[in-house]
Amino acid sequence: MKVIAVVSAKGGVGKTTLCANLCIALRLQGHAVLGVDLDPQNALRFHLGLDLQAIEGLSRVTLEGGDPREACVAGNQGVVVLPYGAVNETDRRDFEATLEPDPDWLRRHLEALGLADGTLVVLDTPPGPSVYMKQALRAADLVLVVTLPDAASYATLPIMEGLIDTYCEGRPGFLESAYVINQVNRARQLSKDVTQVMLAHMGDRVVGLVHQDQAVSEALACSQSVLEYDVNAQGTLDFTQLARWVTDRLARSERTR
Ligand SMILES: Nc1ncnc2c1ncn2[C@@H]1O[C@H](COP(=O)(O)OP(=O)(O)OP(=O)(O)O)[C@@H](O)[C@H]1O
Ligand SMILES: [Mg+2]
């Protein structure tokens, strides 16, 4: 099992979109994939074709003393999805109180799922510091930091670096954190300029560029990934390339072990 955490300090940058599309891209490249939603928004399921009325998920099954395997459901293309679940405010707080004193709770519970060898686990997280972010960073082999090519997102990157330093750096098994710039728009001068600045400052730590593509949001309206919605879309190409980077990076770490 390898765990990839999708994170950002700023909200609305495209984490859930990236997480879902990466799950599908990895699956289409032949990998077993589990997508785990650690965000109380419980939105990953919208992208992966789950029953919208279903309320089960990691939070509820944990509070009920059940096994997280009971809350795993089949999503599009055979991606297995562990939704966050629908909970009221009291239950949300109780679930967070379970996670708070036990930073390795998630990693332990993922290992206990008994996933097939080589399964890639992709974690969706809420923005900014939270109990979920801490669990995700403690569990991750690889961290993908998502940012928009704008000044507001750029300004929050040091917050993410601080969290990664605290919870990932030096931890056995942790490989690296890397950046994905999402919603790049080459028709907009500011988007182009900020993308160039980010590439200049972060160099090869930028491992993916995802263009702003209407097909990405249209796909969501159809409860799909862009890869399923339009094989020729720019977004399909971008997420496919990102998935290749992820698998190459993981393969490299296996070879050097
Ligand atoms: N590459 C893209 N092209 C076009 N639209 C996109 C792209 N990426 C994301 N979006 C759109 O941007 C919006 C925000 O995306 P998303 O919900 O994935 O962000 P998020 O980081 O998960 O937000 P939050 O911080 O609230 O969890 C959505 O409407 C999504 O469809
Ligand atoms: Mg999200």
Side-chain angles (χ1 to χ4, degrees), residues 1-9 15-16 18-19 22-23 26 31-42 44 56-73 79-85 87 90-146 159-178 246 249-250 252-254 256-257:
M1 174 184 85
K2 293 288 179 200
V3 180
I4 303 131
V6 179
V7 301
S8 73
K15 290 177 297 303
T16 305
L18 187 138
C19 179
L22 183 60
C23 283
L26 291 167
H31 301 275
V33 179
L34 169 68
V36 180
D37 192 347
L38 291 176
D39 185 342
Q41 288 184 68
N42 200 22
L44 185 61
E56 288 315 318
L58 182 60
S59 58
R60 294 178 68 91
V61 80
T62 301
L63 292 171
E64 287 159 8
D67 183 333
R69 271 177 286 205
E70 295 162 21
C72 288
V73 283
V79 170
V80 179
V81 188
L82 181 51
Y84 180 88
V87 283
T90 309
D91 286 349
R92 181 183 64 77
R93 280 208 306 257
D94 287 351
F95 180 50
E96 291 175 5
T98 306
L99 302 183
E100 184 54 53
D102 186 359
D104 292 318
W105 184 95
L106 178 67
R107 183 81 202 190
R108 266 199 336 274
H109 281 75
L110 290 175
E111 279 165 2
L113 289 175
L115 299 167
D117 272 359
T119 299
L120 302 177
V121 180
V122 188
L123 306 176
D124 187 23
T125 59
S130 69
V131 65
Y132 305 106
M133 171 78 83
K134 182 167 150 186
Q135 291 284 339
L137 293 178
R138 293 280 302 188
D141 297 283
L142 205 55
V143 174
L144 295 178
V145 181
V146 187
I159 299 175
M160 233 13 275
E161 286 292 324
L163 291 167
I164 291 165
D165 276 352
T166 306
Y167 298 118
C168 301
E169 293 299 344
R171 179 167 53 67
F174 175 66
L175 297 176
E176 75 174 277
S177 63
V246 167
R249 181 65 188 88
L250 295 174
R252 200 153 25 103
S253 78
E254 284 298 303
T256 54
R257 268 198 336 168

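Just so you know, these numbers come straight off a predicted model, no measurement behind them. Counting from 1, the numbers follow the sequence of the chain as shown. Just the heavy atoms: all of them, side chains too, but no hydrogens, waters or symmetry mates, feed the values below.
- Checked against side chain to side chain donor-acceptor pair (under 3.5 Å), Glu161 has the following partners two or more places apart in sequence or in another chain: Tyr179, Arg205.
- Summarising the geometry of Leu38 relative to Ala136, their closest heavy-atom pair is CD1-CB, 3.9 Å, with the distance given to 0.1 Å.
- The CG atom of Leu137 lies 8.0 Å from the CZ atom of Arg171; values are rounded to the nearest 0.5 Å.
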Report all side-chain donor-acceptor pairs from residues 120-128 shorter than 3.5 Å, counting only partners two or more places apart or in another chain.
| residue | atom | partner | partner atom | Å |
| --- | --- | --- | --- | --- |
| Asp124 | OD1 | Thr16 | OG1 | 3.4 |
| Asp124 | OD2 | Thr16 | OG1 | 2.7 |
| Thr125 | OG1 | Val6 | O | 2.7 |

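- The side-chain contact (heavy atoms from CB on, under 4.5 Å) with Tyr132 is formed by just one residue from the set Asp37, Leu99, Asp39; it is Leu99.
- Ring-plane geometry between Tyr84 and Phe95 is classed as perpendicular, the angle between the planes exceeding 60 degrees on a 0 to 90 degree scale with a lower cut at 30.
- Taken to the nearest 0.5 Å, the CD atom of Glu56 stands 11.0 Å off from the CG atom of Leu82.
- Although no hydrogens or angles enter the test, the distance criterion places no donor-acceptor pair under 3.5 Å between the side chain of Gln135 and the main chain of Arg107.
- Applying the side chain to side chain donor-acceptor pair (under 3.5 Å) rule to pairs touching residues 59-68 yields Asp67-Arg69, sequence neighbours excluded.
- Atom CG of Asp141 and atom CE of Met1 lie 7.0 Å apart (nearest 0.5 Å).
- Residues satisfying the side chain to side chain contact (heavy atoms under 4.5 Å, CB included) criterion with Ala32, sequence neighbours excluded, are Thr119.
- Screening residues 107-128 for ring pair (Phe, Tyr, Trp, His ring centres under 6.0 Å), with sequence neighbours left out, gives Trp105-His109.
- For Glu176, the side chain to side chain contact (heavy atoms under 4.5 Å, CB included) partners two or more places apart in sequence, or in a different chain, are Leu142, Ala178, Trp245, Arg249.
- Atom CZ of Arg93 and atom OG1 of Thr98 lie 13.0 Å apart (nearest 0.5 Å).
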